[in-house]
Engineer: 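Handing you a structure now.
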Amino acid sequence: MKKTLVKTGFNKNDIVSFGNMFLLANGRYGYRGTLEEYTKEQMVALNVLGLYDRYEDKWRESINLPNPLFFITSFNGEKQTVLTKEVVSHQVELNIYDATFSRETLFKNIVIKSERFLSSANKDLLVSKYVVKALNSGLVKIEFKLDLDNYDINGPHYKNRKVNDINGVQSFKGITNENKIITTYTKYVSDEDIKTYNNTYFVEKYLQKGDEICVFTYYLVNQTSASRVEELQKNVQQGYDKLLKEHKTSFNKKWDISRVLLGEPESQFELDYSIYHLLILEDDKSYRSVPARGLSGQTYKGAIFWDTETFILPFFTLTNPQFARNIIQYRINTLPGAKKKAQGFGYQGAFYAWESQDDGIEQCSQYNVTDPITGEPIRTYFDEKQIHISGDVALGISRYVYLSGDTSILSDGGYEVIHECARFYISRATLRNGQYHFDDVIGPDEYHERINDNAFTNYLAYKTIDLAIEYYDEYAQKLSNPINKKDFISFRNLIYLPKPYDNGLIEQFEHYFDLKDVYPHEVKAMARNDKEYLGGLAIDTKTIKQADVIALMVIVPDFGLMKYARENYKYYLPFTEHGSSLSSSMYSIVASRIDETDDAYQMFRKSSGIDLGTNQKMYAGGIYIGGTHPASNAGAYLSVVFGFAGLYLDGDQVKLNPHLPKQIKSIEFKFFYKKKLYKAVIKNNDYQLMEVTDHD
Ligand code: BGC
């Protein structure tokens, strides 16, 4: 396995994208791939999962912690940093197998080497080693501190911060604007004498050529009310190497089930790298779900979108069903927020937040993008009109139940969620000419706002009601105020489902086919600025932001729409901008089904390579949206497993129907299905599926 992503040389323009690309995380915290001498200007961030805060009237977002890994070294009084000094050589490295980050920078007189990890064994622990070696004799001074000057998009988030020393451990206590308390403990350790002034520490020594100074950082975050200073002290005693070993053992294990072998080095690494970005979001003890930008920062407010149920959840259901269950539990826990949202708009049942945080209250602003030239906010309707979100959640639950075989989640609140989502759709529908329609909505393609009868939405609503009916007899009696089963049935039977026309095409929404035949490159050419939001420009054209009808075929396979895949694929592909990273995996899966294997491969590479480029889409209108893309990472996995390998799971049927692109000669992967572990091996035209019985 090629284990490392290595970049050599230093280029200021790459600082932000490298921060994402070299991200470390452990399902609870994320540490951006930045260098020790960086500050908030370079977006250093130690991001916390699921702890949100609002400052004044700004957007509520996940919080960042003060940075304990700020280090700066001087040689004979001159600061040695990549930002101000010429480097002889510079290299950063991310080991995706071990989840460790390291750097090595050669200046004229010294070499700086560092390594760090966010422990997978003790999720509250961040540990690092910072080493300076003299290449010429001279006075070396290393200053280091807990940098309290946080990077924030919508901060500051601490109204009160206290730093003090408890038995040689620096303790930080922050009280957020919402009165949440978070404590951290930092201990710096070196063989040299560590001195301190104004909360800054330093070691200073005249080094002979070849001599080294090493400083270790042990840092523990405490989200409980009891003190954990002693725990940190114990970790310090165990020492760096032992903690690193424990971390690696724990993280390496995650690969056992999740690794997919492709037999082609280039795409293999991209897929491994994508899976890395999912494994670092896994925490079997967390019910805080997975945000759309993972733990790479505060983009998208650290919120959870439909990305999680639709793309990320299937990956975890197949590779770590326990964590998948936790993701569902998050939606069960946030049901009150979803009910509140429905009520707020005058509906019943559960209307899940488009951008959901800890309490499920809608966080999507009515002005979610800005004009990059004037800075004026642009009115968007994602929160109010993207009603497919409730169906995404309901379907996510049923897919989890189906794949994992764990029906207990239904009696533990899962059925209630489905029922309430179904209730929402009933209250949201409009009866016209004897059929129920969903008017004034937005489908997955966000460029066409406030349209009627989006096929994706209508089918999903139908499916949601169907699920409420399917599980009704077993689970509805526990609910306090269930809808009558007959009412569900009669409503469902009257839902308007846009059917394929004679030419096989499904209209994305009412009157879509009447729009102008304007293609994405033409819409882009109309933009005044490369950060411009294309929504407004695309509105009366057929250009769509992302897979919509094509997503429908993949996500709701029950209606036999895949029969029309070829026609719809050919029709919609040229109009799709892929302006969302969620788009290409859907196209890849459908391309595999219709044997367009070259396309399937290209689309897969688009998903798998998303976080490896330095030219990602960083702005929507004037708003920074950079970060990692877990849904695209998961989409890459789904493109291989359900696309290339053609994994088919239906009741007792566990089958493969491979469509290998010419570049991929073999595929091998393991997956859980209904509590059993399977191994699939595809080689050329030969393939086998077997149950793995000897795993723990
Ligand atoms: C996409 C949404 C997605 C969101 C978060 C938007 O650009 O259009 O479908 O949920 O990003 O990834």
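Atoms within a ligand are numbered from 1 in the order they appear, just like the ligands themselves.
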Engineer: Can you check which of Asp307, Ile304, Thr310 brings a heavy atom nearest to atom 3 (C) of ligand 1?
Structural biologist: Asp307
Engineer: Which of the numbered atoms in ligand 1 are below 4.0 angstrom from a heavy atom of Ser580?
Structural biologist: 1 (C), 8 (O)
Engineer: Is it true that Glu61 and His157 share a donor-acceptor pair across their side chains at a distance under 3.5 Å?
Structural biologist: yes
Engineer: For atom 11 (O) of ligand 1, what is the nearest protein heavy atom, given as residue, atom name and distance?
Structural biologist: Tyr300 OH, 3.4 Å
Engineer: State yes or no: are the ring centers of Tyr564 and Phe559 separated by less than 6.0 Å?
Structural biologist: no
Engineer: May I ask you to check whether Lys545 has an N/O atom sitting below 3.5 Å from an N/O atom of ligand 1?
Structural biologist: yes
Engineer: For ligand 1, indicate whether the residue Ile625 contacts it via side chain, backbone, both or neither (heavy-atom separation under 4.0 Å).
Structural biologist: neither
Engineer: Nearest protein heavy atom to atom 9 (O) of ligand 1, by residue and atom, and its distance?
Structural biologist: Trp306 NE1, 2.9 Å
Engineer: Does a side chain donor of either Tyr381 or Asp440 reach within less than 3.5 Å of an acceptor in the other side chain?
Structural biologist: no
Engineer: In terms of side-chain heavy atoms, does Ser427 have a donor or acceptor partner in Gln348 at a distance below 3.5 Å?
Structural biologist: no
Engineer: Going by the order shown, which atoms of ligand 1 are within less than 4.0 Å of some heavy atom of Glu446?
Structural biologist: 1 (C), 2 (C), 6 (C), 8 (O)
Engineer: Which atoms of ligand 1 are found less than 4.0 Å from any heavy atom of Gln546?
Structural biologist: 1 (C), 8 (O), 9 (O)
Engineer: Does Trp354, backbone or side chain, put an N or O under 3.5 Å from an N or O of ligand 1?
Structural biologist: no
Engineer: Pick from Phe509, Phe575, Phe456: which one makes a ring pair (Phe, Tyr, Trp, His ring centres under 6.0 Å) with His448?
Structural biologist: Phe509
Engineer: For Asn454 and Gln508, which I'm curious about, is there any donor-acceptor pair between the side chains at under 3.5 Å?
Structural biologist: no
Engineer: Quiz question: by atom type and distance under 3.5 Å, do the side chains of Arg32 and Asn20 form a donor-acceptor pair?
Structural biologist: yes
